Student: 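Handing you a structure now.
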Amino acid sequence: MTKIISELEIVKNDPWLKPYEEAIEGRHNYALAKEKELIEGQDSLSDFASGYLYFGMHKDKRNWIFREWAPNATEIYLIGDFCNWVKNEKYKLKRVKHYSGIWELKIPISWLRHGNLYKLIVCWNGGEGERIPAWATRVIQDQQTKIFCAQVWEPETPYTFRKRVFRPNTDPLLIYECHIGMSQQDEKVGTYNEFRENVLPRIIADGYNCIQIMAIQEHPYYGSFGYHVSSFFAPSSRFGTPDELKQLIDEAHKNNISVIMDIVHSHAVKNEVEGLANFAGDPNQYFYPGDRREHPAWDSLCFDYGKNEVLHFLLSNCKYWMDVFHFDGFRFDGVTSMLYYSHGLGQNFSTYADYYNGMEDDNAICYLTLANKLIHEINSKAITIAEEVSGMPGLAAPFKNGGYGFDYRMAMNIPDYWIKTIKEKIDEDWKPSNLFYELTNRRADEKTISYAESHDQALVGDKTIIFRLVDSDMYWHFQKGDENYRVNRGIALHKMIRMLTATTINGGYLNFMGNEFGHPEWIDFPREGNGWSHKYARRQWDLMDNKNLCYHYLGDFDSSLMHLVSGIAEFEDSKIKEVCINDDDQVLAFTRKNFTFIFNFNPVKSFVDYGFLVTAGEYEVVLNTDSKDFGGNGLADDSVNHFTNFDPLYKREQKEWLKLYLPARSAVVLKKCRVKNV
């Protein structure tokens with residue numbers, strides 16, 4: 001058995017993992033053994049993960065060829081508008097010899113055409129049912145009957161990518177999390193084209209370099225936010241055609257914007273007609289048997305990651321989205337749920353033993369490891385992010401070092417901490433030492449995506465940061481000149497929270513669509529309880545664009561912050577050096593490279609000539625939350641550069657005093673000026 005390369009670097013980086021070295025090595029070797037088993041007779045994992053080129057509907061010069069994996073089936077028929085939706089022997093599939101459970105149909109090319117609707121009738125001992133093919137790449141819903149069908153998608157002139165080679169910019173990774181359907185102003189479902197034309201230019205102008213798109217994989221219920229997937233290879237037709245999605249991604253690439261997908265491999269919808277739940281009379285074809293089949297909290301089904309056919313399906317799914325649509329990577333949803341038999345529910349992860357006590361799903365861990373290997377085999381610059389809350393060690397460490405291979409993990413502790421602070425502490429109790437610790441407390445061998453809030457905090461039942469800070473006064477006092485104390489406080493803290501979160505990153509930063517300008521409404525998708533209304537499943541961009549309202553202050557600040565962070569080379573890899581933490585004054589200061597970040601969280605006290613020991617020299621203000629341009633009071637003259645004052649006590653350290661005026665509830669960024677040659 002191959003040993004771990006680099007002698008278990010994740011253990012060397014964290015001595016507390018030493019007692020669990022055998023378990024870590026066992027998981028690593030299990031993934032190596034499984035990879036070897038899967039690619040037997042092939043050159044690579046990428047060759048293995050090409051199921052989408054074999055299964056599903058394909059066309060050559062003379063025939064249509066359709067294949068499906070259904071080991072429990074006794075008969076399968078292709079039905080559709082081409083045969084009046086009834087069984088016809090001409091469209092009956094045959095078992096493929098030498099391949100267990102694979103069925104095939106080969107018919108003349110004239111029998112089908114682009115746009116035809118189709119399904120399967122799958123028969124098994126004791127029953128039959130209509131099914132949408134598992135590998136379908138186009139699924140649409142009839143708006144009158146609400147019935148879903150697969151659709152033949154072979155346009156005469158398919159979309160051709162213009163930007164064929166693209167390298168993501170991760171220095172740092174600045175993610176704009178978005179949802180195509182709710183991205184428009186009008187009360188309706190938005191489209192790929194509308195997003196490309198109306199929203200993408202905003203993202204580009206705001207300084208983000210990556211969009212993370214939610215709800216791409218087809219899902220029967222729009223209100224599931226895309227998390228109850230039925231057709232894993234079909235981009236949701238609610239938003240337009242596959243070619244329009246390709247055009248959106250191509251346009252993003254032309255503007256140096258990476259595109260990653262919020263991929264759901266942690267569970268699947270329970271629907272049988274649209275989904276995989278009981279595909280051929282076998283409820284466990286794709287899913288775990290017994291009590292492990294159903295997710296106890298999500299009303300969904302859990303994949304059986306121990307089956308090679310399921311691994312083939314899911315790994316092929318990863319490659320498909322990269323190969324066919326040119327996605328630059330994935331944010332894997334629900335990773336905690338995958339890692340543990342308990343799905344992480346009701347568990348306290350307080351010691352390292354909680355990660356190695358035998359209650360972990362080694363099959364799922366193996367799948368995630370192989371998925372990361374595959375994705376980076378296809379594109380070495382691809383981006384993978386784990387949404388994981390338990391803190392599993394090694395999740396975002398390289399596979400060669402004993403990790404699972406994700407590039408980043410979501411820093412899910414940060415939004416929880418901000419919400420807890422806002423809810424439970426008065427302003428006078430915001431301690432910079434606690435803030436600084438929480439935002440920089442992470443494993444040395446893993447990069448994280450920091451964020452103050454994502455879509456989770458914007459959903460009905462929760463509240464965005466701006467709504468927690470300002471509440472209903474957003475509706476009555478966001479007119480310029482009519483701000484009250486609560487509004488001014490909310491605007492000030494909203495900027496400071498984002499600035500501290502973004503400037504302490506060690507990998508990347510994420511913002512959910514509209515939160516950058518303090519979108520006032522929660523997210524509530526159309527459902528029976530709200531009369532199927534789209535009122536809260538949209539983004540009111542006109543609020544940001546209206547210069548008579550305060551929203552643009554927040555949006556303008558966010559853009560300036562993103563441009564500042566993205567303009568500092570290797571900012572995410574630079575050391576964070578503490579300069580000052582004074583809990584009594586509520587003042588925090590730290591440096592990164594030649595920038596100094598200073599925060600005064602004190603709600604009432606402004607400080608004159610507050611001193612910081614920094615490298616001697618001249619400093620210029622490059623960003624100030626208190627600027628009038630961002631809704632602040634403009635109490636300091638930011639056009640004036642600041643010079644350090646000599647102190648013989650600190651001559652050896654080459655430090656001098658930088659003395660500043662710090663208005664209450666404000667933060668400022670200073671850049672050390674280059675010394676000019678005389």
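For the numbers below, each heavy atom of this structure counts, side chains included, while hydrogens, waters and symmetry mates do not. On a predicted model such as this, the values are computed, not experimentally measured, just so you know. Position 1 is the first residue of the sequence, and the numbers go up from there.
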Student: To the closest 0.5 Å, what do you measure between CG (L439) and OG1 (T504)?
Tutor: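 If I round to the nearest 0.5 Å, the distance is 4.0 Å.
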
Student: Is there a side chain to side chain donor-acceptor pair (under 3.5 Å) between N441 and Y437 once you walk through the steps?
Tutor: CA-CA 6 Å; N441 179 30; Y437 172 80; 3.2 Å; yes

Student: If you measure from CD1 on I365 to OH on Y305, what distance do you get to the nearest 0.5 Å?
Tutor: 11.5 Å

Student: To the nearest 0.5 Å, what is the distance between CZ (R443) and CE (M392)?
Tutor: 10.5 Å

Student: Assess whether a salt bridge exists between R331 and D262, defined as any Lys/Arg side-chain N lying under 4.0 Å from an Asp/Glu carboxylate O.
Tutor: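 D262 and R331: salt-bridged.
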
Student: Would you kindly say whether S44 and E377 are connected by a side-chain donor-acceptor distance under 3.5 Å?
Tutor: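 Yes, side-chain donor-acceptor contact under 3.5 Å.
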
Student: Do N515 and T464 have a side chain donor and acceptor closer than 3.5 Å?
Tutor: no

Student: Do the non-hydrogen side-chain atoms of D14 and P393 ever get within less than 4.5 Å of each other?
Tutor: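 No, too far: nothing below the 4.5 Å cut-off.
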
Student: Does NZ or CZ of K246 come closer than 6.0 Å to the centre of the six-membered ring of F325, within 45° of the ring's axis?
Tutor: yes

Student: Show, in sequence, the C-alpha distance, side-chain angles and deciding distance for E572 and S574, and conclude whether the side chain to side chain donor-acceptor pair (under 3.5 Å) test is met.
Tutor: CA-CA 6 Å; E572 72 283 1; S574 63; over 6 Å; no

Student: Can you name the closest pair of heavy atoms from P235 and Y320 and give their distance?
Tutor: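 Taking every non-hydrogen atom into account, CD-OH, 4.4 Å.
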
Student: Do E35 and T369 have side-chain heavy atoms sitting under 4.5 Å apart?
Tutor: no

Student: Whether the side chain of T448 engages the backbone of S450 through a donor-acceptor N/O pair (distance < 3.5 Å, no angle test) should be reported.
Tutor: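 Not confirmed, T448 side chain does not pair with S450 backbone.
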
Student: Do Y30 and N363 have side-chain atoms, one donor and one acceptor, less than 3.5 Å apart?
Tutor: yes

Student: Does the separation of the ring centres of W16 and Y352 fall below 6.0 angstrom?
Tutor: no

Student: Distance check, rounded to the nearest 0.5 Å: I263 atom CD1 versus I216 atom CD1?
Tutor: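 Taking CD1 in I263 and CD1 in I216, the distance rounds to 11.0 Å.
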
Student: I want to know whether Y288 and F303 have ring centres closer than 6.0 Å.
Tutor: no

Student: Under a 4.0 Å threshold between the charged nitrogen and the carboxylate oxygen, would R196 count as salt-bridged to E251?
Tutor: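 No, E251 and R196 are not salt-bridged.
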
Student: Under the side chain to side chain donor-acceptor pair (under 3.5 Å) test against R27, which residue among Y404, Y356, Y20 passes?
Tutor: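 Among Y404, Y356, Y20, the one meeting side chain to side chain donor-acceptor pair (under 3.5 Å) with R27 is Y404.
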
Student: Are the side chain of N317 and the backbone of F232 linked by a donor-acceptor contact shorter than 3.5 Å?
Tutor: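 Side chain of N317 to backbone of F232: a pair is present.
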
Student: Do F233 and Q217 touch side chain to side chain, with heavy atoms closer than 4.5 Å?
Tutor: no

Student: List the steps and the verdict of side chain to side chain donor-acceptor pair (under 3.5 Å) for N511 and E453.
Tutor: CA-CA 7 Å; N511 165 68; E453 55 188 343; over 6 Å; no

Student: Backbone N or O of K431 within a donor-acceptor pair of the N434 side chain at under 3.5 Å?
Tutor: no

Student: Taking all non-hydrogen atoms of both residues, which atom of S50 and which atom of K319 are closest, and how far apart?
Tutor: OG-NZ, 2.8 Å

Student: Taking the side chain as everything from C-beta on, heavy atoms only, tell me whether Y509 gets closer than 4.5 Å to M562.
Tutor: yes

Student: Mind listing the closest non-hydrogen atom pair of L623 and M499 along with its distance?
Tutor: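 Nearest heavy atoms, L623 then M499: CD2-SD, 4.2 Å.
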
Student: List the steps, then state whether side chain to side chain donor-acceptor pair (under 3.5 Å) holds for Y340 with D354.
Tutor: CA-CA 10 Å; Y340 306 97; D354 295 326; over 6 Å; no

Student: Under a 4.0 Å N-O cut-off, is there an ion pair linking E516 with R498?
Tutor: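 No, no charged N to carboxylate O under 4.0 Å.
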
Student: Donor-acceptor pair, H343 side chain versus L345 backbone, under 3.5 Å?
Tutor: no

Student: Under the criterion side chain to side chain contact (heavy atoms under 4.5 Å, CB included), which of E177, H179, H519 is the partner of M513?
Tutor: H179

Student: Between atom CE of M261 and atom CD1 of I249, what is the distance when rounded to the nearest 0.5 Å?
Tutor: 9.5 Å

Student: Using salt bridge (charged side-chain N to carboxylate O under 4.0 Å, His left out), reason through D361 and R292 one step at a time and then give a plain yes or no.
Tutor: CA-CA 11 Å; D361 186 343; R292 296 185 62 194; 2.7 Å; yes

Student: Do F517 and I466 have side chains that approach each other closer than 4.5 Å (heavy atoms only, starting at C-beta)?
Tutor: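 Counting from C-beta outward, F517 and I466 never come under 4.5 Å.
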
Student: Should the pair D573-K593 be classified as a salt bridge under the 4.0 Å nitrogen-to-oxygen rule?
Tutor: no

Student: Quick one: does any side-chain atom of S316 pair with a main-chain N or O of G51 as donor and acceptor, under 3.5 Å?
Tutor: yes

Student: On the 0 to 90° scale, with breaks at 30° and 60°, tag the F597-F590 ring pair as parallel, tilted or perpendicular.
Tutor: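 Rings of F597 and F590: parallel, as their planes differ by under 30°.
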
Student: Which atoms form the tightest heavy-atom contact between E388 and V335, and what is the distance?
Tutor: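 Scanning both residues completely, I find the closest heavy atoms to be CG-CG1, 3.7 Å.
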
Student: Over 60° means perpendicular and under 30° means parallel, so tell me whether F313 and W135 are parallel, tilted or perpendicular.
Tutor: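 Ring orientation, 0 to 90° scale: perpendicular.
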
Student: Does the ring centre of F287 sit less than 6.0 Å away from the ring centre of H295?
Tutor: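 For H295 and F287, the ring centres are not under 6.0 Å apart.
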
Student: Using 30° and 60° as the class boundaries, would you call the ring planes of Y367 and H265 parallel, tilted or perpendicular?
Tutor: tilted

Student: Could you tell me if the ring centre of H219 sits under 6.0 Å from that of Y227?
Tutor: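 No: the rings miss the under 6.0 Å criterion.
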
Student: Surrounding NZ of K420 (heavy atoms of other residues, nucleotides or ligands, distance under 6.0 Å), is the total greater than 12?
Tutor: no

Student: Flag the pair R293 and D304 as a salt bridge only when some basic side-chain nitrogen lies within less than 4.0 angstrom of an acidic carboxylate oxygen.
Tutor: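 No, R293 and D304 are not salt-bridged.
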
Student: Would you say the side-chain atoms of D328 pair up with the backbone N or O of A382, donor to acceptor, closer than 3.5 Å?
Tutor: no

Student: Counting the benzene-type ring for Trp, do F406 and F332 have ring centres under 6.0 Å apart?
Tutor: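 They qualify: ring centres under 6.0 Å apart.
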
Student: Is a side-chain N or O of Q457 found less than 3.5 angstrom from the main chain of S454, in a donor-acceptor match?
Tutor: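 Yes; judged by distance alone, with no hydrogens or angles, the pair exists.
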
Student: Do Y451 side-chain atoms and A411 backbone N/O form a donor-acceptor pair below 3.5 Å?
Tutor: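 No: the side chain of Y451 does not pair with the backbone of A411.
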
Student: For atom OH of Y341, is the number of surrounding heavy atoms from other residues, nucleotides or ligands below 6.0 Å larger than 12?
Tutor: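 Yes - once you tally the heavy atoms of other residues, nucleotides and ligands closer than 6.0 Å, there are more than 12.
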
Student: Is there a donor-acceptor pair under 3.5 Å between the side chain of E309 and the backbone N or O of H312?
Tutor: no

Student: So, S342 and Q347: side-chain donor and acceptor under 3.5 Å apart, yes or no?
Tutor: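 Their side chains do contain a donor-acceptor pair, which is all the 3.5 Å distance test asks for.
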
Student: Quick one: does L500's side chain get under 4.5 Å of L588's, heavy atoms only?
Tutor: yes

Student: Heavy atoms only: give me the nearest L174-V565 pair and the separation to one decimal.
Tutor: CD2-CG1, 4.3 Å

Student: State whether the side chain of K381 and the backbone N or O of P168 hold a donor-acceptor pair below 3.5 Å, judged by distance alone.
Tutor: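 No: the side chain of K381 does not pair with the backbone of P168.
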
Student: If I take atom NE2 from residue H228 and atom NZ from residue K270, how far apart are they, to the nearest 0.5 angstrom?
Tutor: 9.0 Å

Student: Does some side-chain heavy atom of I449 sit less than 4.5 Å from a side-chain heavy atom of I175?
Tutor: yes

Student: Kindly give the heavy-atom pair with the smallest separation between S566 and P172, and that separation in Å.
Tutor: CA-CD, 4.0 Å

Student: Taking the side chain as every heavy atom from C-beta outward, state whether C178 and V199 have any pair of such atoms under 4.5 Å apart.
Tutor: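 Sidechains of V199 and C178: no contact.
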
Student: Taking atom types as modelled, find out whether S266 and W298 have a side-chain donor-acceptor pair closer than 3.5 angstrom.
Tutor: no

